[in-house]
Number of protein chains: 2
Amino acid sequence: MENLKNKILSYTPVNVADIDYIFQFYSKIHLRKGEKLIKPGDKVDYFYYLDVGCVNYYKMEKGEIKVLEFYTEDVFFTDLYAYVQNAPATCFLEATEDTTVYAIEKINVEKSFGKSHSLERFGRLSMQDAFVRTFTRIERLNNRTYEERYLRLLNKRPGLIQRVPQYLIASYLGLTPVGLSKIRKRLVKN
Amino acid sequence: MENLKNKILSYTPVNVADIDYIFQFYSKIHLRKGEKLIKPGDKVDYFYYLDVGCVNYYKMEKGEIKVLEFYTEDVFFTDLYAYVQNAPATCFLEATEDTTVYAIEKINVEKSFGKSHSLERFGRLSMQDAFVRTFTRIERLNNRTYEERYLRLLNKRPGLIQRVPQYLIASYLGLTPVGLSKIRKRLVKN
DNA sequence: TTTAGTCGTTAAACTGGTTTAATAAAAATG
DNA sequence: CATTTTTATTAAACCAGTTTAACGACTAAA
(Lines give C-alpha, C1' and ligand atoms only; values in the text may rest on other atoms or scores of the structure.)
Protein backbone atom coordinates (compact mmCIF):
# COMPACT_ATOMS: atom_id res chain seq x y z
CA MET A 1 0.00 0.00 0.00
CA GLU A 2 3.06 2.20 -0.46
CA ASN A 3 1.51 3.90 -3.49
CA LEU A 4 -1.64 4.72 -1.58
CA LYS A 5 0.37 6.10 1.31
CA ASN A 6 2.38 8.36 -1.00
CA LYS A 7 -0.80 9.48 -2.70
CA ILE A 8 -2.30 10.59 0.61
CA LEU A 9 0.90 12.33 1.65
CA SER A 10 1.04 14.16 -1.68
CA TYR A 11 -1.93 16.20 -0.48
CA THR A 12 -0.96 17.03 3.10
CA PRO A 13 1.28 15.77 5.91
CA VAL A 14 -0.37 13.03 7.96
CA ASN A 15 1.37 11.38 10.89
CA VAL A 16 2.15 7.67 10.85
CA ALA A 17 -0.42 6.80 13.54
CA ASP A 18 -3.24 8.31 11.49
CA ILE A 19 -2.07 6.61 8.31
CA ASP A 20 -1.93 3.31 10.18
CA TYR A 21 -5.35 3.95 11.61
CA ILE A 22 -7.04 4.40 8.23
CA PHE A 23 -4.99 1.61 6.65
CA GLN A 24 -6.51 -0.99 8.99
CA PHE A 25 -9.80 -0.44 7.12
CA TYR A 26 -8.48 -0.93 3.59
CA SER A 27 -8.82 -4.27 1.89
CA LYS A 28 -7.21 -5.35 -1.35
CA ILE A 29 -9.42 -6.45 -4.25
CA HIS A 30 -8.29 -8.23 -7.40
CA LEU A 31 -10.44 -7.92 -10.48
CA ARG A 32 -10.08 -10.00 -13.61
CA LYS A 33 -10.68 -8.30 -16.94
CA GLY A 34 -14.42 -7.77 -17.31
CA GLU A 35 -15.24 -8.13 -13.58
CA LYS A 36 -17.45 -5.46 -12.08
CA LEU A 37 -16.98 -3.60 -8.83
CA ILE A 38 -20.40 -1.95 -9.09
CA LYS A 39 -23.44 -2.42 -11.27
CA PRO A 40 -26.79 -0.56 -11.41
CA GLY A 41 -28.90 -1.14 -8.33
CA ASP A 42 -25.95 -1.91 -6.05
CA LYS A 43 -25.40 -0.10 -2.79
CA VAL A 44 -22.23 1.95 -3.12
CA ASP A 45 -20.54 2.17 0.23
CA TYR A 46 -16.92 1.81 -0.69
CA PHE A 47 -14.38 4.31 -1.84
CA TYR A 48 -11.64 2.89 -4.02
CA TYR A 49 -8.01 3.54 -4.85
CA LEU A 50 -6.73 2.15 -8.13
CA ASP A 51 -3.30 0.61 -7.65
CA VAL A 52 -2.76 -1.21 -10.96
CA GLY A 53 -5.01 -1.70 -13.98
CA CYS A 54 -7.90 0.20 -15.47
CA VAL A 55 -11.55 0.62 -14.53
CA ASN A 56 -14.25 1.84 -16.90
CA TYR A 57 -16.94 4.01 -15.30
CA TYR A 58 -19.94 3.85 -17.64
CA LYS A 59 -23.69 3.64 -17.92
CA MET A 60 -26.02 1.87 -20.32
CA GLU A 61 -28.66 3.96 -22.06
CA LYS A 62 -31.01 2.73 -24.78
CA GLY A 63 -28.76 -0.31 -25.11
CA GLU A 64 -25.74 1.91 -25.67
CA ILE A 65 -22.66 2.23 -23.53
CA LYS A 66 -21.80 5.75 -22.35
CA VAL A 67 -18.31 5.98 -20.91
CA LEU A 68 -17.97 8.64 -18.22
CA GLU A 69 -14.36 8.09 -17.19
CA PHE A 70 -11.43 5.70 -17.26
CA TYR A 71 -9.69 5.31 -13.93
CA THR A 72 -6.08 4.21 -14.14
CA GLU A 73 -3.09 3.94 -11.78
CA ASP A 74 -2.94 6.10 -8.67
CA VAL A 75 -6.40 7.62 -8.57
CA PHE A 76 -9.30 7.55 -6.11
CA PHE A 77 -12.73 6.72 -7.47
CA THR A 78 -16.18 5.36 -6.78
CA ASP A 79 -19.68 6.00 -8.11
CA LEU A 80 -19.63 9.20 -6.10
CA TYR A 81 -23.21 10.30 -6.62
CA ALA A 82 -24.57 7.01 -5.30
CA TYR A 83 -21.92 6.93 -2.57
CA VAL A 84 -22.79 10.39 -1.27
CA GLN A 85 -26.56 10.12 -1.62
CA ASN A 86 -26.79 6.51 -0.41
CA ALA A 87 -28.67 5.93 -3.65
CA PRO A 88 -28.53 2.73 -5.70
CA ALA A 89 -25.87 2.86 -8.39
CA THR A 90 -26.94 3.74 -11.93
CA CYS A 91 -23.52 3.10 -13.40
CA PHE A 92 -21.02 0.31 -13.82
CA LEU A 93 -17.45 0.18 -12.56
CA GLU A 94 -15.77 -2.53 -14.60
CA ALA A 95 -12.16 -3.61 -15.01
CA THR A 96 -10.99 -3.34 -18.62
CA GLU A 97 -7.93 -5.43 -17.72
CA ASP A 98 -6.70 -7.33 -14.66
CA THR A 99 -6.81 -4.75 -11.91
CA THR A 100 -5.94 -4.27 -8.24
CA VAL A 101 -7.78 -1.78 -6.09
CA TYR A 102 -7.87 -0.95 -2.40
CA ALA A 103 -11.32 -0.45 -0.90
CA ILE A 104 -12.49 1.29 2.24
CA GLU A 105 -16.04 1.33 3.54
CA LYS A 106 -17.78 4.70 3.76
CA ILE A 107 -18.43 4.33 7.48
CA ASN A 108 -14.72 3.85 8.05
CA VAL A 109 -13.83 6.82 5.87
CA GLU A 110 -16.05 8.98 8.05
CA LYS A 111 -14.65 7.38 11.20
CA SER A 112 -11.06 8.06 10.11
CA PHE A 113 -11.79 11.60 8.95
CA GLY A 114 -13.64 12.24 12.22
CA LYS A 115 -10.76 10.99 14.29
CA SER A 116 -7.99 12.79 12.44
CA HIS A 117 -8.05 16.42 11.36
CA SER A 118 -5.16 15.74 8.95
CA LEU A 119 -7.03 12.92 7.25
CA GLU A 120 -10.06 15.19 6.94
CA ARG A 121 -7.82 17.74 5.30
CA PHE A 122 -6.51 15.11 2.91
CA GLY A 123 -10.13 14.36 2.08
CA ARG A 124 -10.86 17.99 1.36
CA LEU A 125 -7.77 18.57 -0.76
CA SER A 126 -8.18 15.40 -2.80
CA MET A 127 -11.81 16.32 -3.46
CA GLN A 128 -10.73 19.82 -4.48
CA ASP A 129 -8.22 18.29 -6.86
CA ALA A 130 -10.88 16.02 -8.37
CA PHE A 131 -13.19 19.00 -8.76
CA VAL A 132 -10.61 21.11 -10.57
CA ARG A 133 -9.83 18.27 -12.99
CA THR A 134 -13.50 17.69 -13.70
CA PHE A 135 -14.17 21.35 -14.26
CA THR A 136 -11.41 21.73 -16.81
CA ARG A 137 -12.90 18.76 -18.61
CA ILE A 138 -16.23 20.59 -18.86
CA GLU A 139 -14.43 23.49 -20.44
CA ARG A 140 -13.06 21.18 -23.12
CA LEU A 141 -16.35 19.43 -23.76
CA ASN A 142 -18.02 22.75 -24.50
CA ASN A 143 -15.32 24.53 -26.42
CA ARG A 144 -13.22 21.99 -28.32
CA THR A 145 -13.87 20.01 -31.46
CA TYR A 146 -13.87 16.21 -31.33
CA GLU A 147 -10.56 16.20 -33.15
CA GLU A 148 -8.96 18.48 -30.56
CA ARG A 149 -10.36 16.35 -27.77
CA TYR A 150 -9.01 13.16 -29.32
CA LEU A 151 -5.56 14.66 -29.81
CA ARG A 152 -5.55 15.93 -26.27
CA LEU A 153 -6.47 12.51 -24.93
CA LEU A 154 -3.61 10.93 -26.90
CA ASN A 155 -1.31 13.51 -25.41
CA LYS A 156 -2.52 13.64 -21.82
CA ARG A 157 -3.14 9.96 -21.31
CA PRO A 158 -0.57 8.21 -23.46
CA GLY A 159 -1.08 4.47 -23.48
CA LEU A 160 -4.80 4.64 -22.78
CA ILE A 161 -5.58 4.08 -26.46
CA GLN A 162 -3.59 0.84 -26.41
CA ARG A 163 -5.22 -0.39 -23.19
CA VAL A 164 -8.83 0.26 -24.07
CA PRO A 165 -10.82 -0.66 -27.20
CA GLN A 166 -11.44 2.20 -29.57
CA TYR A 167 -15.22 2.14 -29.34
CA LEU A 168 -14.92 2.91 -25.62
CA ILE A 169 -12.56 5.80 -26.37
CA ALA A 170 -15.13 7.04 -28.89
CA SER A 171 -17.87 6.89 -26.29
CA TYR A 172 -15.70 8.72 -23.75
CA LEU A 173 -15.13 11.48 -26.30
CA GLY A 174 -18.86 11.66 -26.97
CA LEU A 175 -18.86 10.31 -30.50
CA THR A 176 -19.61 7.08 -32.37
CA PRO A 177 -17.01 4.47 -33.38
CA VAL A 178 -17.60 5.49 -36.98
CA GLY A 179 -17.02 9.13 -36.15
CA LEU A 180 -13.74 8.42 -34.36
CA SER A 181 -12.57 6.25 -37.24
CA LYS A 182 -13.16 9.12 -39.65
CA ILE A 183 -11.23 11.52 -37.44
CA ARG A 184 -8.30 9.11 -37.25
CA LYS A 185 -8.31 8.72 -41.02
CA ARG A 186 -8.33 12.49 -41.47
CA LEU A 187 -5.38 12.81 -39.09
CA VAL A 188 -3.08 10.31 -40.82
CA LYS A 189 -3.73 12.02 -44.16
CA ASN A 190 -2.32 15.27 -42.74
CA MET B 1 -24.59 36.75 6.62
CA GLU B 2 -27.46 34.55 7.79
CA ASN B 3 -27.66 32.85 4.39
CA LEU B 4 -23.98 32.03 4.44
CA LYS B 5 -24.25 30.65 7.97
CA ASN B 6 -27.15 28.39 6.99
CA LYS B 7 -25.26 27.27 3.92
CA ILE B 8 -22.29 26.17 6.02
CA LEU B 9 -24.52 24.43 8.54
CA SER B 10 -26.33 22.59 5.75
CA TYR B 11 -23.16 20.56 5.28
CA THR B 12 -22.19 19.73 8.87
CA PRO B 13 -22.68 21.02 12.43
CA VAL B 14 -20.22 23.75 13.35
CA ASN B 15 -20.25 25.43 16.76
CA VAL B 16 -20.92 29.14 17.10
CA ALA B 17 -17.38 30.01 18.10
CA ASP B 18 -15.96 28.49 14.93
CA ILE B 19 -18.60 30.18 12.76
CA ASP B 20 -17.77 33.49 14.43
CA TYR B 21 -14.09 32.84 13.92
CA ILE B 22 -14.34 32.37 10.16
CA PHE B 23 -16.91 35.16 9.83
CA GLN B 24 -14.42 37.76 11.06
CA PHE B 25 -12.56 37.23 7.80
CA TYR B 26 -15.47 37.69 5.42
CA SER B 27 -16.06 41.02 3.75
CA LYS B 28 -19.08 42.10 1.78
CA ILE B 29 -18.65 43.19 -1.83
CA HIS B 30 -21.24 44.97 -3.97
CA LEU B 31 -20.94 44.66 -7.72
CA ARG B 32 -22.86 46.74 -10.25
CA LYS B 33 -24.00 45.05 -13.43
CA GLY B 34 -20.97 44.52 -15.64
CA GLU B 35 -18.39 44.87 -12.83
CA LYS B 36 -15.69 42.21 -12.65
CA LEU B 37 -14.45 40.34 -9.61
CA ILE B 38 -11.64 38.68 -11.57
CA LYS B 39 -10.13 39.15 -15.00
CA PRO B 40 -7.32 37.30 -16.81
CA GLY B 41 -3.93 37.88 -15.23
CA ASP B 42 -5.32 38.64 -11.78
CA LYS B 43 -4.12 36.85 -8.68
CA VAL B 44 -7.03 34.80 -7.35
CA ASP B 45 -6.77 34.57 -3.60
CA TYR B 46 -10.37 34.95 -2.56
CA PHE B 47 -13.13 32.43 -2.23
CA TYR B 48 -16.62 33.86 -2.75
CA TYR B 49 -20.15 33.21 -1.60
CA LEU B 50 -22.93 34.59 -3.78
CA ASP B 51 -25.65 36.13 -1.64
CA VAL B 52 -27.78 37.94 -4.22
CA GLY B 53 -27.38 38.44 -7.95
CA CYS B 54 -25.65 36.52 -10.69
CA VAL B 55 -22.04 36.11 -11.77
CA ASN B 56 -20.91 34.90 -15.17
CA TYR B 57 -17.77 32.73 -15.15
CA TYR B 58 -16.36 32.88 -18.68
CA LYS B 59 -13.30 33.10 -20.85
CA MET B 60 -12.52 34.84 -24.11
CA GLU B 61 -11.13 32.74 -26.93
CA LYS B 62 -10.48 33.97 -30.48
CA GLY B 63 -12.59 37.00 -29.63
CA GLU B 64 -15.48 34.78 -28.56
CA ILE B 65 -17.03 34.48 -25.16
CA LYS B 66 -17.17 30.98 -23.69
CA VAL B 67 -19.43 30.75 -20.67
CA LEU B 68 -18.36 28.09 -18.18
CA GLU B 69 -20.94 28.63 -15.45
CA PHE B 70 -23.51 31.03 -14.05
CA TYR B 71 -23.31 31.43 -10.29
CA THR B 72 -26.53 32.53 -8.62
CA GLU B 73 -27.91 32.80 -5.09
CA ASP B 74 -26.46 30.65 -2.31
CA VAL B 75 -23.43 29.11 -3.98
CA PHE B 76 -19.70 29.20 -3.35
CA PHE B 77 -17.41 30.03 -6.25
CA THR B 78 -14.10 31.38 -7.43
CA ASP B 79 -11.77 30.72 -10.35
CA LEU B 80 -10.78 27.54 -8.57
CA TYR B 81 -7.96 26.44 -10.83
CA ALA B 82 -6.12 29.72 -10.40
CA TYR B 83 -7.00 29.82 -6.69
CA VAL B 84 -5.60 26.35 -6.02
CA GLN B 85 -2.52 26.63 -8.23
CA ASN B 86 -1.72 30.24 -7.31
CA ALA B 87 -1.75 30.83 -11.06
CA PRO B 88 -2.90 34.00 -12.77
CA ALA B 89 -6.57 33.88 -13.74
CA THR B 90 -7.43 32.99 -17.32
CA CYS B 91 -11.13 33.64 -16.86
CA PHE B 92 -13.51 36.42 -15.96
CA LEU B 93 -15.95 36.56 -13.06
CA GLU B 94 -18.43 39.28 -13.96
CA ALA B 95 -21.75 40.35 -12.49
CA THR B 96 -24.59 40.07 -15.01
CA GLU B 97 -26.78 42.16 -12.67
CA ASP B 98 -26.28 44.06 -9.42
CA THR B 99 -24.78 41.48 -7.10
CA THR B 100 -23.67 41.02 -3.49
CA VAL B 101 -20.99 38.51 -2.57
CA TYR B 102 -19.03 37.69 0.56
CA ALA B 103 -15.31 37.20 0.11
CA ILE B 104 -12.69 35.47 2.21
CA GLU B 105 -8.98 35.42 1.55
CA LYS B 106 -7.36 32.06 0.85
CA ILE B 107 -4.90 32.44 3.74
CA ASN B 108 -7.83 32.94 6.10
CA VAL B 109 -9.69 29.95 4.69
CA GLU B 110 -6.67 27.80 5.45
CA LYS B 111 -6.28 29.41 8.87
CA SER B 112 -9.92 28.72 9.75
CA PHE B 113 -9.88 25.18 8.39
CA GLY B 114 -6.63 24.56 10.28
CA LYS B 115 -8.07 25.81 13.53
CA SER B 116 -11.41 24.00 13.35
CA HIS B 117 -11.87 20.39 12.40
CA SER B 118 -15.60 21.05 11.78
CA LEU B 119 -14.84 23.86 9.35
CA GLU B 120 -12.38 21.59 7.58
CA ARG B 121 -15.15 19.02 7.29
CA PHE B 122 -17.49 21.66 5.90
CA GLY B 123 -14.78 22.40 3.33
CA ARG B 124 -14.53 18.75 2.36
CA LEU B 125 -18.26 18.19 2.09
CA SER B 126 -18.95 21.35 0.12
CA MET B 127 -16.15 20.43 -2.28
CA GLN B 128 -17.60 16.92 -2.61
CA ASP B 129 -20.97 18.45 -3.38
CA ALA B 130 -19.45 20.70 -6.04
CA PHE B 131 -17.66 17.73 -7.54
CA VAL B 132 -20.80 15.62 -7.78
CA ARG B 133 -22.71 18.45 -9.49
CA THR B 134 -19.92 19.05 -11.96
CA PHE B 135 -19.59 15.37 -12.76
CA THR B 136 -23.27 14.99 -13.55
CA ARG B 137 -22.90 17.95 -15.90
CA ILE B 138 -20.16 16.12 -17.78
CA GLU B 139 -22.52 13.22 -18.23
CA ARG B 140 -25.05 15.54 -19.84
CA LEU B 141 -22.51 17.27 -22.08
CA ASN B 142 -21.45 13.94 -23.54
CA ASN B 143 -24.77 12.17 -23.79
CA ARG B 144 -27.54 14.69 -24.38
CA THR B 145 -28.59 16.67 -27.43
CA TYR B 146 -28.53 20.46 -27.33
CA GLU B 147 -32.31 20.45 -27.22
CA GLU B 148 -32.36 18.19 -24.16
CA ARG B 149 -29.75 20.34 -22.49
CA TYR B 150 -31.70 23.53 -23.15
CA LEU B 151 -34.92 22.01 -21.79
CA ARG B 152 -33.13 20.75 -18.74
CA LEU B 153 -31.66 24.19 -18.09
CA LEU B 154 -35.14 25.76 -18.32
CA ASN B 155 -36.34 23.18 -15.85
CA LYS B 156 -33.46 23.07 -13.38
CA ARG B 157 -32.69 26.77 -13.28
CA PRO B 158 -36.01 28.50 -13.83
CA GLY B 159 -35.59 32.23 -14.13
CA LEU B 160 -32.02 32.07 -15.41
CA ILE B 161 -33.22 32.62 -18.99
CA GLN B 162 -34.94 35.85 -17.92
CA ARG B 163 -31.90 37.09 -16.01
CA VAL B 164 -29.24 36.45 -18.60
CA PRO B 165 -29.09 37.37 -22.31
CA GLN B 166 -29.78 34.51 -24.65
CA TYR B 167 -26.41 34.57 -26.38
CA LEU B 168 -24.78 33.80 -23.02
CA ILE B 169 -27.17 30.91 -22.46
CA ALA B 170 -26.24 29.65 -25.93
CA SER B 171 -22.56 29.83 -25.08
CA TYR B 172 -23.13 28.02 -21.78
CA LEU B 173 -24.92 25.23 -23.67
CA GLY B 174 -22.04 25.03 -26.13
CA LEU B 175 -23.83 26.38 -29.19
CA THR B 176 -24.15 29.59 -31.21
CA PRO B 177 -26.92 32.20 -30.76
CA VAL B 178 -28.26 31.16 -34.16
CA GLY B 179 -28.30 27.52 -33.11
CA LEU B 180 -30.22 28.24 -29.91
CA SER B 181 -32.71 30.39 -31.80
CA LYS B 182 -33.42 27.50 -34.18
CA ILE B 183 -33.93 25.10 -31.28
CA ARG B 184 -36.36 27.50 -29.62
CA LYS B 185 -38.28 27.86 -32.88
CA ARG B 186 -38.48 24.10 -33.25
CA LEU B 187 -39.81 23.79 -29.71
CA VAL B 188 -42.68 26.29 -30.03
CA LYS B 189 -43.81 24.52 -33.21
CA ASN B 190 -44.31 21.30 -31.26
C1' DT C 1 -36.03 62.32 -30.19
C1' DT C 2 -32.80 60.98 -33.09
C1' DT C 3 -28.87 57.95 -33.43
C1' DA C 4 -25.93 54.22 -32.54
C1' DG C 5 -25.34 49.91 -30.57
C1' DT C 6 -27.06 45.42 -28.91
C1' DC C 7 -29.78 41.36 -29.27
C1' DG C 8 -32.68 37.76 -31.29
C1' DT C 9 -34.53 35.79 -35.55
C1' DT C 10 -34.40 34.18 -40.15
C1' DA C 11 -32.51 32.38 -44.54
C1' DA C 12 -29.07 30.02 -47.46
C1' DA C 13 -25.06 27.48 -48.04
C1' DC C 14 -22.11 24.53 -45.78
C1' DT C 15 -19.90 20.93 -42.68
C1' DG C 16 -18.67 17.56 -39.37
C1' DG C 17 -20.84 14.66 -37.40
C1' DT C 18 -24.70 10.32 -37.37
C1' DT C 19 -27.02 6.15 -39.09
C1' DT C 20 -27.13 2.02 -41.48
C1' DA C 21 -24.97 -1.56 -43.65
C1' DA C 22 -21.27 -4.21 -45.63
C1' DT C 23 -16.68 -5.92 -45.07
C1' DA C 24 -12.25 -6.84 -43.23
C1' DA C 25 -9.29 -7.84 -39.39
C1' DA C 26 -8.42 -9.36 -34.85
C1' DA C 27 -9.46 -11.81 -30.70
C1' DA C 28 -11.79 -15.22 -27.97
C1' DT C 29 -13.57 -19.85 -27.60
C1' DG C 30 -14.61 -24.89 -28.01
C1' DC D 1 -6.86 -24.54 -35.19
C1' DA D 2 -11.24 -23.76 -36.99
C1' DT D 3 -15.13 -21.22 -35.77
C1' DT D 4 -17.52 -17.63 -33.78
C1' DT D 5 -17.61 -13.17 -31.95
C1' DT D 6 -15.93 -8.72 -31.44
C1' DT D 7 -13.82 -4.63 -33.21
C1' DA D 8 -12.40 -1.18 -36.73
C1' DT D 9 -13.00 0.70 -41.31
C1' DT D 10 -15.39 2.36 -45.25
C1' DA D 11 -19.21 4.16 -48.05
C1' DA D 12 -23.63 6.51 -48.85
C1' DA D 13 -27.42 9.06 -47.34
C1' DC D 14 -28.76 12.11 -43.96
C1' DC D 15 -29.13 15.76 -40.41
C1' DA D 16 -28.36 19.01 -36.60
C1' DG D 17 -25.54 22.08 -36.05
C1' DT D 18 -22.32 26.34 -38.02
C1' DT D 19 -21.22 30.52 -40.70
C1' DT D 20 -22.37 34.62 -42.84
C1' DA D 21 -25.34 38.14 -43.64
C1' DA D 22 -29.53 40.78 -43.49
C1' DC D 23 -33.30 42.62 -40.81
C1' DG D 24 -36.21 44.29 -37.08
C1' DA D 25 -36.88 45.27 -32.14
C1' DC D 26 -35.26 47.06 -28.19
C1' DT D 27 -32.00 50.02 -25.31
C1' DA D 28 -28.85 53.58 -24.15
C1' DA D 29 -26.73 57.82 -25.03
C1' DA D 30 -26.31 62.39 -26.87
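Side-chain atoms are counted along with the backbone in the values below, which use heavy atoms only and exclude waters and symmetry mates. A note on names: the letters A, B, ... follow the listed sequences, proteins ahead of strands, and every chain is numbered from 1.
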Between [X] and [N], does any side-chain N or O lie under 4.0 Å from OP1 or OP2?
{"X": "B/Gln166", "N": "C/dT9", "value": "yes"}
{"X": "B/Thr176", "N": "D/dT18", "value": "yes"}
{"X": "A/Arg184", "N": "D/dT9", "value": "yes"}
{"X": "A/Lys185", "N": "D/dA11", "value": "yes"}

More than 12 heavy atoms from other groups under 6.0 Å of NZ on A/Lys7: yes
Residues, nucleotides or ligands: over 12 heavy atoms within 6.0 Å of B/Arg133 CZ: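 Counting neighbours around CZ of B/Arg133, 12 or fewer heavy atoms of other residues, nucleotides or ligands fall under 6.0 Å, so no.
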Interatomic distance where [atom1] belongs to [X] and [atom2] belongs to [N] [whole Å]:
{"X": "B/Leu180", "N": "D/dT18", "atom1": "CG", "atom2": "C1'", "result": "14 Å"}
{"X": "A/Tyr167", "N": "D/dT5", "atom1": "OH", "atom2": "P", "result": "16 Å"}
{"X": "B/Ile161", "N": "C/dG8", "atom1": "CD1", "atom2": "P", "result": "11 Å"}
{"X": "A/Tyr150", "N": "D/dA8", "atom1": "OH", "atom2": "C1'", "result": "12 Å"}
{"X": "A/Gln162", "N": "D/dA8", "atom1": "CD", "atom2": "P", "result": "12 Å"}
{"X": "A/Asn143", "N": "D/dG17", "atom1": "CG", "atom2": "C1'", "result": "16 Å"}
{"X": "B/Ile183", "N": "D/dT18", "atom1": "CD1", "atom2": "C1'", "result": "12 Å"}
{"X": "A/Glu148", "N": "C/dG17", "atom1": "CD", "atom2": "P", "result": "10 Å"}

Listed nucleotide nearest any side-chain atom of [X], set [options]:
{"X": "B/Tyr146", "options": "D/dG17, C/dA28, C/dG17", "value": "D/dG17"}
{"X": "A/Arg186", "options": "C/dG16, D/dT7, C/dT19", "value": "C/dG16"}
{"X": "A/Val178", "options": "C/dG17, D/dA11, D/dT7", "value": "D/dA11"}

A/Leu37 and A/Leu31, any side-chain heavy atoms less than 4.5 Å apart: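 A/Leu31 vs A/Leu37: side chains touch.
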Validation row: B/Leu160, B/Leu153 side chains within 4.5 angstrom (heavy atoms):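 B/Leu160 reaches B/Leu153 side chain to side chain.
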Sugar-phosphate only, base, or nothing, as touched by B/Leu175 at under 4.0 Å among non-hydrogen atoms: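 Contact class for B/Leu175: sugar-phosphate only.
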Sugar-phosphate only, base, or nothing, as touched by B/Lys182 at under 4.0 Å among non-hydrogen atoms: base
Stacked cation flag A/Lys106 on A/Tyr83, 6.0 angstrom / 45 deg: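 Flagged: A/Lys106 positioned over aromatic ring of A/Tyr83.
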Most 5' of B/Pro177 and B/Lys33 on DNA chain D, judged by nearest nucleotide: B/Pro177
